[in-house]
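Computed from a predicted structure; not experimentally measured. Chain identifiers are assigned alphabetically (A, B, ...) following the order of the sequence lines, protein sequences preceding nucleic acid strands; residue numbering begins at 1 within each chain.
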2 protein chains.
Amino acid sequence: MNETKTLRQYLRHRGLKVTQQREEIAQIFLGSKRHISAEQLHQQIREIYPKVGLSTVYRTLKLLVEAGLASQRRLGERITRFEPVAGDEHHDHFICINCGAIIEFENQDLEDLQEEVAKKHKFTILRHNLELYGYCQKCRRR
Amino acid sequence: MNETKTLRQYLRHRGLKVTQQREEIAQIFLGSKRHISAEQLHQQIREIYPKVGLSTVYRTLKLLVEAGLASQRRLGERITRFEPVAGDEHHDHFICINCGAIIEFENQDLEDLQEEVAKKHKFTILRHNLELYGYCQKCRRR
DNA sequence: CGAATTTTGATTTTGATTGTCAATATCAAT
DNA sequence: ATTGATATTGACAATCAAAATCAAAATTCG
């Protein structure tokens, strides 16, 4: 498996250690079905490697994300925010991962395109959430 | 303020009571800046109505969302899920609010359009998260 | 008003995630 | 292979937002 190598490379590159647990967790995770939570993964791992702790699963998942081998839904934000609904127009958000700024924008084409895709999949959209993470104008330079 | 009426209507319609706290919370919330958290709102409310409890703020925000007067970022999902990154292709998600199914899809036009909008706002996208909430094919009928 | 019902708010509980720390494992240099 | 410096582990505790609890208070409507 090539991804195991990627992980090892990443670890060495950062001066981190290639441990048995990290390899076990990566192995199970990479072969797992999609959208798995840390705890689900922990369950699965325990069936084969009963000694691996939940904390280590969390820590290793973080490493996998950093190594580009995992993607994480629910980025940043850990609390729920609310906003008054002014008119009827919906807006989406840029979120700067450097300074935390939230920039709103609207784009009807984007909304239309979403509806089109939904129709293709026979899905009825009631609401949506689009978050674009990156650097705002100010934080672009580094 | 018209929105206050909307809330009253909504409450009566559901056989709920129009209470002082609900009106106070709605008043402050509707006049507040965007992206406020339950706790931030609670602080603001306390400055004027010191007796309102945090629980009531949470409960009232829920009602405001149901009444269509507030929108809530970070819908559904309360846990973080991870998935292996197979290739380089990104995908987005439909999430059924009835059965919880997560349906993946890819659409390059959507990605391109996002990039275009970002360019307009001088924002550099590193990653994004698009969640379309609604009913899947099975749950459409009701 | 007064009874029936809902709501409130102080507090506790929940549940996911992160922090702590002594014991253990890894790795580079002997 | 052994050592020593350093990183990691796993059990457990701590955090933190959000939900649940429940007796006291407020609201509604006849």
Side-chain angles (χ1 to χ4, degrees), chain A residues 4 7-29 35-67 70 72-83, chain B residues 4 7-29 35-67 70 72-82 100:
Chain A
T4 308
L7 178 60
R8 283 193 199 134
Q9 274 181 0
Y10 175 78
L11 291 173
R12 295 220 179 85
H13 174 262
R14 283 203 38 193
L16 303 175
K17 290 173 178 171
V18 178
T19 68
Q20 218 178 321
Q21 288 93 329
R22 284 174 178 167
E23 302 232 276
E24 288 167 0
I25 293 168
Q27 180 213 319
I28 304 289
F29 174 71
H35 308 305
I36 200 168
S37 69
E39 269 179 284
Q40 285 175 324
L41 183 57
H42 185 225
Q43 296 304 320
Q44 288 195 26
I45 287 164
R46 284 238 148 166
E47 288 172 17
I48 309 181
Y49 307 106
K51 310 194 129 188
V52 175
L54 179 57
S55 310
T56 305
V57 173
Y58 271 105
R59 290 186 285 233
T60 305
L61 278 170
K62 198 184 228 175
L63 289 172
L64 287 167
V65 170
E66 288 166 10
Q72 180 175 0
R73 301 192 21 148
R74 225 339 244 320
L75 315 154
E77 316 290 278
R78 83 220 77 188
I79 67 174
T80 305
R81 285 172 197 283
F82 298 84
E83 56 184 320
Chain B
T4 309
L7 178 60
R8 284 194 199 133
Q9 273 181 2
Y10 175 78
L11 291 173
R12 295 220 179 83
H13 175 260
R14 284 204 37 193
L16 303 174
K17 290 175 178 170
V18 177
T19 68
Q20 218 179 320
Q21 288 91 329
R22 283 173 179 168
E23 302 232 279
E24 290 166 0
I25 293 168
Q27 180 213 317
I28 304 289
F29 174 70
H35 308 305
I36 200 167
S37 70
E39 271 181 282
Q40 287 175 324
L41 183 56
H42 184 226
Q43 295 303 321
Q44 287 195 26
I45 286 163
R46 285 236 148 166
E47 290 174 16
I48 309 182
Y49 307 106
K51 310 196 129 183
V52 176
L54 180 57
S55 311
T56 306
V57 173
Y58 271 106
R59 291 186 285 233
T60 304
L61 277 170
K62 202 184 227 174
L63 289 173
L64 287 166
V65 170
E66 287 166 12
Q72 180 176 1
R73 301 189 24 141
R74 244 295 268 327
L75 315 154
E77 317 289 277
R78 83 222 79 184
I79 67 175
T80 304
R81 283 172 197 285
F82 299 83

Shortest non-hydrogen contact from B:Ala38 toward B:Val57 |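 Result for this residue pair: O-CG1, 3.6 Å.
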Any side-chain heavy-atom pair of A:Leu63 and A:Leu16 under 4.5 Å |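 Yes, side chains in contact.
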pair A:Gln27-A:Thr4: side-chain heavy atoms closer than 4.5 Å = no
What does [X] touch in the nucleic acid at a heavy-atom separation under 4.0 angstrom: a base, only the sugar-phosphate, or nothing?
X: A:Arg59; result: base
X: B:Ser55; result: base
X: B:Leu16; result: sugar-phosphate

5' priority, DNA chain C, between A:Lys62 and B:Arg46 [closest heavy atom] | B:Arg46
Confirm from the modelled atom types if A:Lys17 and D:dT6 form a donor-acceptor pair under 3.5 Å, side chain to base only.
-> yes
Contact under 4.0 Å: [X] side-chain N or O vs [N] OP1/OP2:
X: A:Thr80; N: D:dA17; result: no
X: B:Thr19; N: C:dT8; result: yes
X: B:Gln21; N: C:dG9; result: yes

Interatomic distance where [atom1] belongs to [X] and [atom2] belongs to [N] [whole Å]:
X: A:Leu63; N: D:dT8; atom1: CG; atom2: P; result: 8 Å
X: B:Lys51; N: C:dT7; atom1: NZ; atom2: C1'; result: 16 Å
X: B:Arg12; N: D:dT28; atom1: CZ; atom2: P; result: 7 Å
X: A:Tyr49; N: D:dG10; atom1: OH; atom2: P; result: 13 Å
X: A:Leu11; N: D:dT9; atom1: CG; atom2: C1'; result: 15 Å
X: A:Leu54; N: C:dG15; atom1: CG; atom2: P; result: 15 Å
X: B:Arg14; N: C:dT5; atom1: CZ; atom2: P; result: 18 Å
X: A:Leu41; N: C:dA16; atom1: CG; atom2: C1'; result: 15 Å

Only one of A:Arg8, A:Arg14, A:Arg12, A:His13 passes side-chain hydrogen bond (donor to acceptor under 3.5 Å, both in side chains) with A:Tyr10; say which it is.
->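 Only match with A:Tyr10 under side-chain hydrogen bond (donor to acceptor under 3.5 Å, both in side chains): A:Arg14.
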Looking only at the side chain of [X] (C-beta and beyond, no hydrogens), which of the listed nucleotides [options] gets closest?
X: B:Val18; options: D:dT28, D:dT27, C:dG9; value: D:dT28
X: A:Arg22; options: D:dT9, C:dG9, C:dT8; value: D:dT9
X: B:Tyr58; options: C:dC27, C:dT26, D:dA17; value: D:dA17

Between A:Phe82 and A:Gly15, name the one whose nearest nucleotide on DNA chain D is closer to the 5' end.
-> A:Gly15
Should the heavy atoms of other residues, nucleotides or ligands under 6.0 Å from CD of A:Gln20 be counted, would the total exceed 12?
-> no
